[in-house]
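Below you'll find the structure, written out as structure tokens, and then a few comments.
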Protein chains: 2
Amino acid sequence: MAKLQKSIEKRNALLRATLCLVNSGGIQEASVAKVAKMAQVSPATIYLYFENKQDMVNQLYLSVKEHYATVAFKNYIADKPVKKSYEQIWLNMIQFKKDNPEESSFLSQCDNTPIIEEETRQKGLSFLQPLFDLWEKGKNEGIIKDVSPYIIYAFTIYPQSFLTNIEQRSLCKINKVELTQAFQAAWDSIKV
Amino acid sequence: MAKLQKSIEKRNALLRATLCLVNSGGIQEASVAKVAKMAQVSPATIYLYFENKQDMVNQLYLSVKEHYATVAFKNYIADKPVKKSYEQIWLNMIQFKKDNPEESSFLSQCDNTPIIEEETRQKGLSFLQPLFDLWEKGKNEGIIKDVSPYIIYAFTIYPQSFLTNIEQRSLCKINKVELTQAFQAAWDSIKV
DNA sequence: CAAATAAAAGTGAATGTTCATTCTCTTTTT
DNA sequence: AAAAAGAGAATGAACATTCACTTTTATTTG
């Protein structure tokens with residue numbers, strides 16, 4: 001039991017090291033040798049925990065997405081009004097990105113790289129199912145436009161990445177005012 | 001003169017090859033050797049046209065951004081009503097992304113990689129100045145919300161990348177209906 | 001319980017590629 | 001005949017992965 005625990009910790013150390021390196025210099029910076037060094041482990045050890053480098057990055061992707069979803073849906077109670085629920089989730093999501101810039105930047109980098117396999121992507125998306133259900137509920141109640149979930153995602157969730165991205169690059173600050181304006185924009189784009 | 005022309009053509013061949021390779025397998029796939037081979041040129045020749053690989057990618061970034069801006073602002077006449085002008089530019093922009101998936105995907109990949117220097121990024125952004133001016137005009141006329149241009153960009157232009165991205169991955173189709181809905185969402189998010 | 005043994009986890013060095021870049025030499029253009 | 005453009009081969013570093021080996025942990029047996 002203590003053994004298993006140690007294994008999990010080592011696995012996490014490897015994932016954390018990968019996250020850190022990808023964040024500081026792009027995915028190409030996270031070489032197996034560097035990850036191993038940062039996690040204080042032999043390069044060979046990585047292959048005890050992961051099939052290969054691509055597998056390691058894909059697993060990291062899933063683990064980060066899972067964390068993201070956990071934060072997004074914390075204290076989520078399905079029977080509140082749709083707008084209120086959505087506001088809560090939306091704020092949780094952007095807060096996650098503000099609080100976890102490394103994980104957030106990693107996810108952004110993954111959006112457009114072929115290292116992440118389509119299967120992994122789909123699995124990652126499935127963590128957000130409650131959100132898609134909420135949109136469906138909103139559509140049925142006639143308070144959210146009857147458009148594809150892709151459009152809803154594109155105009156309400158996806159913009160968060162841009163905003164936190166530029167805040168990270170110190171080009172702007174996202175405080176309470178901007179947060180309120182941003183949610184208003186998101187909601188206006190999809191409300192009936 | 002014919003000499004210079006030939007030089008430009010060779011430079012363009014190198015940029016085109018880079019674009020193609022980046023598109024097919026990520027930035028790491030575009031190695032100097034492969035780019036040279038695809039452009040039917042010796043690896044050494046690349047260093048006659050560019051300082052190094054990073055410089056080549058940065059120049060490609062600028063060249064693509066310039067093309068993008070050219071398409072965005074074609075037939076743009078500043079004295080039409082703000083909403084009409086904006087609709088025209090917005091449609092031009094998304095059409096560019098649909099018509100030029102390689103260039104579009106390249107730009108997306110560049111959004112989150114440290115290969116592109118901050119200076120290059122800023123220069124690339126400056127091509128879109130007329131758009132920022134239009135927003136300012138809209139704000140002055142009281143028809144666009146008085147919020148930061150970052151927010152406007154995040155909720156109207158940035159979502160296009162997501163939509164064309166998933167269309168590219170064959171997860172959805174963006175036809176006339178979706179295009180109309182999408183522009184409506186974009187406009188609703190920022191109109192007063 | 002303790003010694004013996006089997007299995008699992010972990011290592012550093014080596015493998016064979018591929019990488020970006022530079023070298024020396026040749027061809028083409030002025 | 002000078003200079004500019006281009007070539008292929010060479011360089012050394014970095015890469016992902018595997019190798020033969022050691023150490024640690026778990027299980028069996030006397």
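Heavy atoms only: backbone and side chains are in, while hydrogens, waters and symmetry mates are out. Throughout, a chain's letter reflects where its sequence line sits, starting with A, and its residues are numbered from 1.
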Pairing string, 5' to 3', for DNA chain D - Watson-Crick or wobble contacts under 3.5 Å, brackets [ ] where pairs cross, | to another strand: ||||||||||||||||||||||||||||||
Rounded to whole Å, please give me the gap between [atom1] in [X] and [atom2] in [N].
X     : N      : atom1 : atom2 : result
A:Y47 : C:dT11 : OH    : C1'   : 15 Å
A:E9  : C:dA9  : CD    : C1'   : 16 Å
B:Q54 : C:dC19 : CD    : P     : 18 Å
B:F50 : D:dG6  : CZ    : P     : 12 Å
A:I46 : C:dG12 : CD1   : P     : 13 Å
B:L48 : D:dG8  : CG    : C1'   : 14 Å
A:N52 : D:dA16 : CG    : P     : 11 Å

Any A:K10 side-chain N or O less than 4.0 Å from OP1/OP2 of C:dG10: yes
Distance test, side-chain N/O of A:Y49 to OP1/OP2 of C:dG10, below 4.0 Å: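 Result: yes.
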Parallel, tilted or perpendicular: rings of A:W187 and A:Y86 (30°, 60°): tilted
Parallel, tilted or perpendicular: rings of B:F73 and B:Y76 (30°, 60°):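 Tilted: the ring planes of B:Y76 and B:F73 meet at 30° to 60°.
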Sequence neighbours excluded, every pair satisfying salt bridge (Lys or Arg N to Asp or Glu O under 4.0 Å) that has a member inside residues 52-76 of chain A: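 For residues 52-76 of chain A, and leaving out neighbouring residues, there are no salt bridge (Lys or Arg N to Asp or Glu O under 4.0 Å) pairs at all.
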Pairs meeting criterion salt bridge (Lys or Arg N to Asp or Glu O under 4.0 Å) with involvement of residues 156-171 of chain B, two or more places apart: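 Qualifying pairs, neighbours excluded: A:E118-B:R169, B:K98-B:E167, B:E167-B:K173.
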Closest to the B:T45 side chain, choosing from C:dT11, D:dA7, C:dT21: D:dA7
Closest listed nucleotide, where the reference is the side chain of B:K53 and the choices are C:dA9, C:dT21, D:dT18: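 Nearest nucleotide to the side chain: C:dT21.
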Any N/O donor-acceptor pair, B:S42 side-chain to D:dG8 base, under 3.5 Å: yes
Pairing residues for B:E102 by the salt bridge (charged side-chain N to carboxylate O under 4.0 Å, His left out) criterion, not counting sequence neighbours: none
Results of salt bridge (charged side-chain N to carboxylate O under 4.0 Å, His left out) for A:D111 - residues two or more places apart only: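 So A:D111 forms no salt bridge (charged side-chain N to carboxylate O under 4.0 Å, His left out) with any residue.
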Closest non-hydrogen atom pair between B:A185 and A:K145, with its separation: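 Answer, listing the atom of B:A185 first, then A:K145: CA-NZ, 3.8 Å.
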Partners meeting side-chain hydrogen bond (donor to acceptor under 3.5 Å, both in side chains) with B:S105 (sequence neighbours left out): B:N23
Residues in side-chain hydrogen bond (donor to acceptor under 3.5 Å, both in side chains) contact with A:E136, at least two apart in sequence or another chain: none
Inter- and intrachain pairs under ring-ring contact (aromatic ring centres under 6.0 Å, His included), touching residues 92-124 of chain A, at least two apart: A:H67-A:F96, A:Y68-A:F96
Considering only distance and modelled atom types, tabulate donor-acceptor pairs under 3.5 Å from the side chains of residues 27-36 of chain A, sequence neighbours left out.
| residue | atom | partner | partner atom | Å |
| --- | --- | --- | --- | --- |
| A:E29 | OE2 | A:K34 | NZ | 3.0 |
| A:S31 | OG | A:K34 | N | 3.3 |

Residues touching DNA chain D, which here means a heavy atom under 4.0 Å, drawn from residues 12-31 of chain B: none
Residues forming a ring-ring contact (aromatic ring centres under 6.0 Å, His included) with A:Y158, sequence neighbours excluded: B:Y158, B:F162
Strand contacts (DNA chain C) in residues 32-41 of chain B, 4.0 angstrom heavy-atom criterion: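 Residues of residues 32-41 of chain B under 4.0 Å from DNA chain C: B:V32, B:A33, B:K34.
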